2 protein chains.
Amino acid sequence: MILTPSMQNFILHWGEMGSRWGVNRSVAQIHALLHIAPDPMTADEICETLNLARSNVSTGLKELQSWKLVKASRQLGDRRDHFTSIRDMFDLVTAVVEGRREREFLPTIEALRAVHDEAEADGTPEKVKARIKETLDVMQMFDTWYAEISRLSRPMHLTLLKLGGRVARILPKSK
Amino acid sequence: MILTPSMQNFILHWGEMGSRWGVNRSVAQIHALLHIAPDPMTADEICETLNLARSNVSTGLKELQSWKLVKASRQLGDRRDHFTSIRDMFDLVTAVVEGRREREFLPTIEALRAVHDEAEADGTPEKVKARIKETLDVMQMFDTWYAEISRLSRPMHLTLLKLGGRVARILPKSK
DNA sequence: CTGTTGTTTCTGTAATTACAGAAACAACAG
DNA sequence: CTGTTGTTTCTGTAATTACAGAAACAACAG
């Protein structure tokens, strides 16, 4: 596959961004390539296009699949796996947010809960215990909010997105 | 300052979480300490409590101030700076989200815009150009949504948070 | 002036991370 | 059986990152 300069830049920038977002550069580059590739690609094509070792592409694809950002598919008369990224940008955002929640947010809440319980018995000052509890409570509040919102339907999400700040005009009436 | 085991764990976990969130461990630990500290602390006290070099504490405090997570204050009759973290959890979340938006989201949008313009002239296939444009558009849509929502008042934020998924019950009527 | 406080910059080091490339395997088609 | 495809695991290396500690400096109180 031949990359035009702007396609190369897209992949490079996505790779940079990936490393800020906690995904390593190679993995983010593979995702970027699949994201803009018109057709599914095999692992070998990805190796050639990005100049990565096969082992790393294989591992990277696994990781992307675990994030549910990439799917493997088969083509008739070909034994090789063909990989595509999620085509719908909404699904992509959902997958990324969901992944981060599971890997970063929930473990933190869990750890905070453990610390909170531990603090009951080890002579931690009341003020400090209150701070820890408040931190835990607020994080849980945000998590609950997210869980509820994410359960809404796609059209509802779109409505809310388009509505933006105007949601405030509608709400007060109902209070 | 004496740390109980649970306070130590809080700081350690916060430090771990920090490294996942793109802040380095020391910086996250300093923040964790200030977050649960009942009273403002001087740089020296932080050094002692966390066993960090003074230079690193100094740099870390600078970084936390640039994130607006920590403020320096003065006390009568003392020439040293005393540091406190944001006390209000809502302000903290806002500061973190705002910081990440500026450092991770906006640069990406900027880069995408540049790639998008570049793609006009370098023979990038139409399909690929469309993908790039779609990616840019969706990211901008989310950013606009966030910008509008963040402009709402604090009580409105609280209302929305408590409302959670029930916001859906209110909206359809108005369509 | 001296002492205190804090910042910045540099050096060196330990730990971590991100890879390439090799090798061993597994699954399966023909 | 052989050839193809893909995965997993290992070794080695280069690059990066996160520090400690030193040193030089600045600002300022008294």
Side-chain angles (χ1 to χ4, degrees), chain A residues 1 11-34 39-67 70-84 103-104, chain B residues 11-34 40-67 70-84 103-104:
Chain A
M1 183 163 177
I11 292 169
L12 291 177
H13 281 302
W14 206 258
E16 279 317 303
M17 198 199 80
S19 61
R20 291 195 190 184
W21 275 64
V23 187
N24 84 50
R25 192 159 31 85
S26 300
V27 174
Q29 285 183 356
I30 294 172
H31 178 250
L33 174 61
L34 291 175
D39 305 302
M41 296 180 74
T42 63
D44 268 330
E45 287 168 340
I46 296 171
C47 289
E48 277 171 44
T49 314
L50 297 180
N51 278 311
L52 290 175
R54 213 177 227 232
S55 52
N56 294 326
V57 170
S58 176
T59 312
L61 285 169
K62 280 270 151 183
E63 188 174 336
L64 287 168
Q65 284 173 294
S66 85
W67 279 85
V70 159
K71 274 191 301 189
S73 57
R74 295 306 191 121
Q75 281 183 5
L76 269 179
D78 193 339
R79 253 188 300 134
R80 294 171 302 178
D81 279 328
H82 291 251
F83 298 93
T84 24
R103 289 156 211 244
E104 299 172 10
Chain B
I11 292 169
L12 291 176
H13 281 302
W14 205 260
E16 278 318 302
M17 199 200 81
S19 62
R20 291 196 190 182
W21 276 65
V23 186
N24 83 50
R25 193 159 31 87
S26 300
V27 174
Q29 285 183 356
I30 294 171
H31 177 250
L33 174 60
L34 291 175
M41 294 180 76
T42 63
D44 268 331
E45 286 167 340
I46 297 170
C47 289
E48 277 171 46
T49 314
L50 297 179
N51 277 311
L52 291 175
R54 211 176 227 232
S55 52
N56 294 326
V57 170
S58 176
T59 312
L61 284 168
K62 281 268 151 184
E63 189 174 337
L64 286 169
Q65 283 172 295
S66 86
W67 280 86
V70 159
K71 275 190 301 189
S73 58
R74 296 304 190 124
Q75 281 183 7
L76 269 180
D78 192 339
R79 252 188 300 135
R80 294 170 301 177
D81 281 329
H82 291 251
F83 298 93
T84 24
R103 288 156 211 243
E104 298 171 10

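Below, chain A is the first sequence line, B the second, and so on; all start at residue 1. Below, all heavy atoms of this structure are taken into account, side chains as well, without hydrogens, waters or symmetry copies. Note that the structure is predicted; figures quoted are calculated from it, not measured.
B/Ser58 has no side-chain polar atom (N or O) that falls below the 4.0 Å cut-off from OP1 or OP2 of C/dG6. Between C/dT17 and A/Asn24, no contact under 4.0 Å exists linking OP1 or OP2 to a side-chain N or O. For C/dT4, the OP1/OP2 oxygens have no side-chain nitrogen or oxygen of B/Arg80 closer than 4.0 Å.
Under the 4.5 Å side-chain criterion, counting only non-hydrogen atoms from C-beta, A/Phe83 is not in contact with A/Glu45. At least one side-chain heavy atom of B/Leu52 sits less than 4.5 Å from a side-chain heavy atom of B/Ser26. You'll find the side chain of B/Ile46 reaches within 4.5 Å of the side chain of B/Leu34, heavy atoms only. Contact check for A/Glu63 versus A/Val23: side-chain heavy atoms found under the 4.5 Å cut-off.
Straight-line distance from the CD1 atom of B/Ile46 to the C1' atom of D/dC19: 17 Å, rounded to whole Å. Atoms CG (A/Asp81) and P (C/dC28) sit 12 Å apart, rounded to a whole Å. If you take CG of A/Leu61 and C1' of D/dT8, they are 14 Å apart, rounded to a whole angstrom. One interatomic measurement links the two molecules: NE2 of B/His82 to P of C/dT4, which rounds to 16 Å at whole-angstrom precision. Rounded to whole angstrom, the span from the CZ atom of A/Arg25 across to the P atom of D/dT16 amounts to 8 Å. Rounded to whole Å, atom P of D/dG6 lies 13 Å from atom CE of A/Met41. In this structure, B/Lys62 atom NZ and C/dT5 atom C1' are separated by 13 Å, rounded to whole Å. The nearest whole Å value for the distance from the CG atom in A/Asp78 to the C1' atom in D/dG3 is 15 Å.
Picking from C/dG6, C/dT8, C/dC19 the nucleotide with the shortest atom distance to the side chain of B/Thr59 gives C/dT8.
Between the side chain of A/Ser58 and the backbone N or O of A/Arg54, no donor-acceptor pair lies under 3.5 Å. Distance alone, capped at 3.5 Å, is enough to place a donor-acceptor pair between the B/Arg74 side chain and the B/Arg79 backbone.
Across all strands shown, B/Ser26 has heavy atoms under 4.0 Å from sugar-phosphate atoms exclusively, and none from any base. Among the protein residues, B/Arg79 comes within range of the nucleic acid bases, having at least one heavy atom under 4.0 Å from a base atom.
For A/Leu12 against A/Gln29, the heavy-atom pair with the smallest separation is CD2-NE2, 3.9 Å. Across all their heavy atoms, B/Trp14 and B/Ala28 have their closest contact at CD1-O, 3.2 Å. The heavy-atom pair separating A/Val27 from A/Gly60 by the smallest distance is CG2-CA, 3.9 Å.
For DNA chain C, the residues of residues 49-57 of chain A within the heavy-atom distance limit of 4.0 Å (strictly under) are A/Asn51, A/Leu52, A/Ala53, A/Ser55, A/Asn56, sorted by number.
Paired regions of DNA chain D, where each region holds three or more successive Watson-Crick or G-U pairs whose two hydrogen-bonding distances fall under 3.5 Å, are C:1-30 with D:1-30.
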